[in-house]
Amino acid sequence: MPLIFRKWVMSAHAIGKPDYIRRTGLLSAHPDRRAFCDDALAWRIRKENGLRWAELDAGELRRREPN
């Protein structure tokens with residue numbers, strides 16, 4: 001488990017709300033590659049804190065969309 005996630009879990013427990021943090025995934029969509037690149041600092045920080053992700057192109061995103 002990434003360090004940042006463990007910190008979020010500990011914080012949620014500390015305030016008596018452990019159910020506020022769940023590992024269910026996240027989808028972040030950008031209108032184009034430039035918009036994604038403009039957010040490079042945030043993605044670098046996520047990576048440095050152990051978060052992992054997969055980059056999907058429009059076709060792959062459509063294939064994964066539930067029917």
Side-chain angles (χ1 to χ4, degrees):
M1 179 183 310
L3 175 61
I4 192 70
F5 189 81
R6 287 195 307 265
K7 288 181 179 180
W8 293 335
V9 170
M10 289 186 307
S11 294
H13 279 273
I15 65 168
K17 300 292 184 179
D19 56 316
Y20 276 18
I21 306 294
R22 291 176 278 168
R23 293 183 80 164
T24 57
L26 171 72
L27 174 64
S28 178
H30 299 275
D32 54 39
R33 185 73 181 168
R34 180 179 173 110
F36 173 77
C37 291
D38 286 347
D39 204 18
L41 175 61
W43 290 108
R44 190 186 86 220
I45 291 169
R46 290 176 181 114
K47 184 176 184 178
E48 289 171 356
N49 283 282
L51 297 178
R52 293 173 288 154
W53 63 88
E55 295 180 35
L56 309 176
D57 63 19
E60 180 61 23
L61 185 58
R62 284 186 195 97
R63 282 188 290 280
R64 291 181 181 214
E65 183 178 16
N67 294 330

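- Between R63 and E60 a salt bridge is recorded (basic side-chain N to carboxylate O distance below 4.0 Å).
- Contact detail for F36 and W43: the closest heavy-atom pair is CE1-NE1, 3.4 Å.
- Residues E55 and R33 meet the side-chain proximity criterion, which asks for heavy atoms closer than 4.5 Å.
- If you take CG on D39 and CZ on R34, they are separated by 13.0 Å, rounding to the nearest 0.5 Å.
- Considering every non-hydrogen atom in both H13 and P18, the closest pair reads CE1-CB, 3.3 Å.
- The two residues W8 and I21 make their nearest non-hydrogen contact at O-CG1, 3.7 Å.
- Atom CZ of R46 and atom CG of L41 lie 9.5 Å apart (nearest 0.5 Å).
- Residues V9 and L51 fall within the same hydrophobic cluster, defined by Ile, Leu, Val, Met, Phe, Trp and Tyr side chains chained together at heavy-atom separations under 4.5 Å.
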